[in-house]
Amino acid sequence: MRRARLLYVPFWATFVFLYLPIAVLVVMSFNSGESAYTYEGFSLKWYGELAGDERVVKGLANTIIVAFGSTALATVLGTLLAVGLARYTRSKTLDALALMPAVLPDLVVGIGLLVFYSTIQLTLGLYSVVLAHAVFSMAFVAAVVRTRLTNADPSLEEASLDLGAGPVVTFMKITLPQLAPGIVAGALLAFTLSLDEFVIAFFTIGNSEQTLPIVIYSMIRFGVTPEINALASLLLLVSFTAVIAGQRLTKIGESERAPD
């Protein structure tokens with residue numbers, strides 16, 4: 001029994017190592033003082049400072065535009081990719097290629113897309129980041145939707161086809177409703193990934209616009225301030241909420257398929 005309890009030591013030590021700095025960051029975002037390292041009392045003033053910072057507000061607006069745009073593209077393309085790989089192909093090579101953007105380092109993806117944009121002479125801007133994030137997130141959406149697809153009942157699709165419904169009608173009325181929890185979970189994951197992605201956006205956005213992670217990077221070069229702590233805390237809250245919602249939707253989808 002004592003030996004079994006000792007196994008929990010590295011488990012909890014890992015959790016403390018990972019989440020204690022995050023907890024300190026959140027606490028320091030409510031600091032009333034000017035220092036990011038010395039707590040002087042509770043205050044919400046740094047959250048008010050964020051609302052008045054034009055660069056942060058502009059970066060946030062750009063990030064939301066990119067996140068929603070790339071999520072929409074990644075969700076549609078990732079869902080179609082998952083259905084195609086699961087229903088119409090049986091190629092391990094295509095499976096590997098479909099997941100390649102999720103496996104490759106962000107630096108490689110960013111440089112590769114920059115070279116591609118330069119080759120086709122595409123002017124960089126928010127739309128180039130939307131396309132880049134869609135390519136990156138599509139692999140994650142496909143993985144989540146395909147997991148959901150393995151739990152879907154194929155007999156319903158076969159019955160629909162046997163009764164005279166075409167492939168498109170079957171997909172829209174039979175397959176898509178079964179995949180809905182996985183699609184929403186994949187979309188939330190794609191949104192979260194795009195929200196705080198820095199490297200790919202840094203290489204593909206050009207000089208005219210900035211997303212919020214790039215704004216944060218330019219701010220921390222001169223030192224961490226309580227304002228940055230407040231901004232990071234808000235991003236943490238959004239990301240945490242999206243991840244939990246996606247996890248809950250995935251569990252709901254699995255419970256629907258569980259036998260009584």
Side-chain angles (χ1 to χ4, degrees), residues 11-71 74-75 102 105-107 110 129-130 132-133 136-137 140-141 144 184-202 205 209-251:
F11 173 80
W12 289 111
T14 302
F15 266 82
V16 170
F17 177 78
L18 289 175
Y19 293 108
L20 182 60
I22 297 176
V24 171
L25 180 147
V26 173
V27 171
M28 295 303 294
S29 71
F30 297 102
N31 184 19
S32 61
E34 301 288 334
S35 174
Y37 309 102
T38 303
Y39 188 79
E40 300 180 13
F42 181 85
S43 175
L44 295 174
K45 75 172 185 177
W46 297 110
Y47 290 91
E49 292 285 339
L50 287 178
D53 193 323
E54 294 184 2
R55 187 171 57 162
V56 171
V57 173
K58 179 63 175 177
L60 177 61
N62 290 338
T63 296
I64 292 175
I65 293 173
V66 170
F68 276 106
S70 62
T71 298
T75 302
D106 291 355
L107 185 62
V129 184
V130 169
H133 281 190
F136 172 71
S137 303
F140 293 93
V141 175
V144 174
V184 175
L188 289 173
L189 178 59
F191 182 83
T192 303
L193 291 172
S194 177
L195 194 66
D196 58 7
E197 203 286 320
F198 168 76
V199 177
I200 296 176
F202 182 80
I205 198 171
E209 301 286 352
Q210 286 186 329
T211 59
L212 191 56
I214 297 177
V215 172
I216 295 175
Y217 171 74
S218 64
M219 293 171 65
I220 63 174
R221 287 187 300 174
F222 304 101
V224 179
T225 65
E227 184 180 2
I228 296 177
N229 290 339
L231 184 56
S233 299
L234 292 176
L235 288 176
L236 176 65
L237 177 62
V238 174
S239 300
F240 182 79
T241 303
V243 170
I244 293 299
Q247 185 182 37
R248 293 294 302 170
L249 286 171
T250 302
K251 288 184 177 181

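Residue numbers run from 1 in the order of the sequence given. In what follows, every heavy atom counts, from backbone to side chain, and hydrogens, waters and symmetry copies are set aside.
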For the residue pair Phe30 and Phe42, categorise the inter-ring angle as parallel (less than 30°), tilted (30 to 60°) or perpendicular (more than 60°). parallel
Test item: Pro213 and Phe202 side chains (from C-beta on) under 4.5 Å apart, heavy atoms: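 When only atoms from C-beta onward are counted, Phe202 and Pro213 do not touch, as no gap falls below 4.5 Å.
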Taking the side chain as C-beta and beyond, is there a heavy-atom pair between Val66 and His133 under 4.5 Å? yes
So, Thr63 versus Thr211: side-chain donor-acceptor pair below 3.5 Å or not?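 No.
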To the nearest 0.5 Å, what is the distance between [atom1] on [X] and [atom2] on [Y]?
X: Leu193; Y: Thr71; atom1: CG; atom2: OG1; answer: 8.5 Å
X: Ile64; Y: Leu195; atom1: CD1; atom2: CG; answer: 8.0 Å
X: Leu50; Y: Leu231; atom1: CG; atom2: CG; answer: 5.5 Å

Which atom names give the shortest non-hydrogen contact between Val130 and Ile65, and what distance separates them?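 That would be CG2-O, 4.4 Å.
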Ser32 to Trp46 - nearest heavy-atom pair and separation: C-NE1, 4.5 Å
Under the 3.5 angstrom rule, does the side chain of Ser194 hit a backbone N or O of Ala190 as a donor-acceptor pair? no
Show your working on side chain to side chain contact (heavy atoms under 4.5 Å, CB included) between Ile216 and Val56 and close with a plain yes or no. CA-CA 8 Å; Ile216 295 175; Val56 171; over 6 Å; no
Name the one of Val129, Asn62, Ile200 that satisfies side-chain contact (heavy atoms from CB on, under 4.5 Å) with Ile205? Val129
